[in-house]
Amino acid sequence: MKKYILGLFAVAVITSCVSQQERAMRSADKEFILKAANDNFAKKKWKNALALYDRLANLVAGTDDFPNVGFNTAYANYYDKSYKLAGHQFKNFAVSFPKDPRAEEAAYMSALCYYEGSMDYNLDQSSTELAINELQDFLNNYPNSERSKNISQLIDELSYKLEFKAYENGRQYYKMGEYKAANVAFENVLEDFPSTKLRSKIYDYIMKSRYELAMKSVYNLKDERIESALTYTKLVEKELPNTEYSKTAADLREKLEKEKQNFIGVKKQTEAKIAALTAKQKKEAEKLADKDKTEQQMKDQISNEKKAMQLQRDSAALKTPPPAATFKIQR
């Protein structure tokens, strides 16, 4: 019997709550809707509260209730994990009501919403960059706020996400054997994040990328790339002494020195072959030029002989007298 009564009581409570929500959704009474919305907010029924706050937006416009509805709506969206919308609403509140005691809180929550909306490092990071800007704006506007104490930590966390994404891009290039692209990507990380915590690993990848480029290089770039790789092994040993990276640097430098000596021999052989081929080509060119010269001389001789013969014919024609004139006798 007791369980039956408790069951009826629970059903009555649920029915009452549902009916209140339904009545509020159908009602035009601002006060009733506002009370129902605030009740839902207090009970953390965010979606029900939001549905009613949405109905109140026009009803409370220009009244003292308008800021409260806007503030609660932003928090309801935040707790409902609609961070982008909540961030916009908090920011709008801080700008619209700068003298409200809650303006600083709204500005902080706006920045926090952008922080919560930052995507994982392997996804598009435009939301992360936006979050860093919003957090920095809060620091600039409220430098002495108690809420500013953890802002720098949040900014560092988001910056590391950008840094790690850039680092992973370089690693992907390296794994694919795109060593030139990997080298450029890692150098960009060092330039964009000079205080990076990944510096030692980045040095290691740049060194290995340059090593691979040198060992697999085309002939014309071999010298330059070997010297570049050797220089970087020395940098790693200087910057990271007594580490696994410096040991790797020493090992790679030894291999690079051997490759350098081997290439010196290859280059001498190649240069000798090129010189021999050049000499041969020059000799053949000279022969061809002599042949062309002889042929031209023969052509010139034939042409001159033809001209001489023609000159003799013309001369003989001039020396031959014209035939005697013939007169007809008229009858």
**Asked** Does Met176 CE have over 12 foreign heavy atoms under 6.0 Å away?
**Response** yes
**Message:** Please check if the number of heavy atoms outside Asn58 that lie under 6.0 Å from its CG is greater than 12.
**Reply:** no
Separation between [atom1] of [X] and [atom2] of [Y], rounded to the nearest 0.5 Å:
{"X": "Gln136", "Y": "Ile155", "atom1": "CD", "atom2": "CD1", "result": "4.5 Å"}
{"X": "Leu130", "Y": "Leu158", "atom1": "CG", "atom2": "CG", "result": "10.5 Å"}
{"X": "Phe90", "Y": "Leu112", "atom1": "CZ", "atom2": "CG", "result": "9.0 Å"}

Any salt bridge between [X] and [Y], counting N to O under 4.0 Å?
{"X": "Arg253", "Y": "Glu237", "answer": "yes"}
{"X": "Asp39", "Y": "Lys35", "answer": "yes"}
{"X": "Glu239", "Y": "Arg199", "answer": "no"}
{"X": "Glu227", "Y": "Lys260", "answer": "yes"}
{"X": "Glu244", "Y": "Lys247", "answer": "no"}

**Message:** Ignoring hydrogens and geometry beyond distance, is a side-chain donor-acceptor pair present between Asn133 and Glu129 at under 3.5 Å?
**Reply:** no
**Message:** For a ring-ring contact (aromatic ring centres under 6.0 Å, His included) check, start with the C-alpha distance between Phe193 and Tyr167, then their side-chain angles and the critical distance, and finish with the verdict.
**Reply:** CA-CA 10 Å; Phe193 306 95; Tyr167 168 77; over 10 Å; no
**Prompt:** Tell me, do Arg171 and Phe186 make a side-chain contact under 4.5 Å, heavy atoms counted?
**Reply:** yes
**Message:** Using side-chain heavy atoms (C-beta onward) and a distance below 4.5 Å, is Arg225 in contact with Met215?
**Reply:** no
So, for [X] and [Y], which heavy atoms are closest and what is the spacing to 0.1 Å?
{"X": "Ser127", "Y": "Ser118", "answer": "OG-CA, 3.6 Å"}
{"X": "Tyr174", "Y": "Ser209", "answer": "CD1-OG, 3.4 Å"}
{"X": "Val236", "Y": "Tyr245", "answer": "CG1-O, 3.7 Å"}
{"X": "Glu31", "Y": "Asp65", "answer": "OE2-OD2, 4.4 Å"}
{"X": "Glu259", "Y": "Lys222", "answer": "OE2-NZ, 2.8 Å"}
{"X": "Arg210", "Y": "Ser228", "answer": "NH1-OG, 3.1 Å"}

**Message:** Cation-pi check for Phe71 against Arg102: NZ or CZ below 6.0 Å from the six-membered ring centre and within 45 degrees of the axis, yes or no?
**Reply:** yes
**Item:** Ring geometry between Tyr78 and Tyr75 (parallel below 30°, tilted from 30 to 60°, perpendicular above 60°)
**Value:** perpendicular
**Asked** If Ile, Leu, Val, Met, Phe, Trp and Tyr residues are connected whenever their side-chain heavy atoms lie under 4.5 Å apart, and connections chain through other members, are Leu59 and Phe66 in the same group?
**Response** yes
**Item:** Cluster overlap Met109 with Tyr114, hydrophobic side-chain contacts below 4.5 Å
**Value:** no
**Message:** As a test of understanding, state which of Leu235, Leu190, Val184, Val189 forms a side-chain contact (heavy atoms from CB on, under 4.5 Å) with Ile206.
**Reply:** Leu190
**Asked** Only one of Thr73, Asn72, Asn48, Asn68 forms a side-chain hydrogen bond (donor to acceptor under 3.5 Å, both in side chains) with Tyr53, so which one is it?
**Response** Asn72
**Asked** Does the ring centre of Tyr219 sit less than 6.0 Å away from the ring centre of Phe263?
**Response** yes
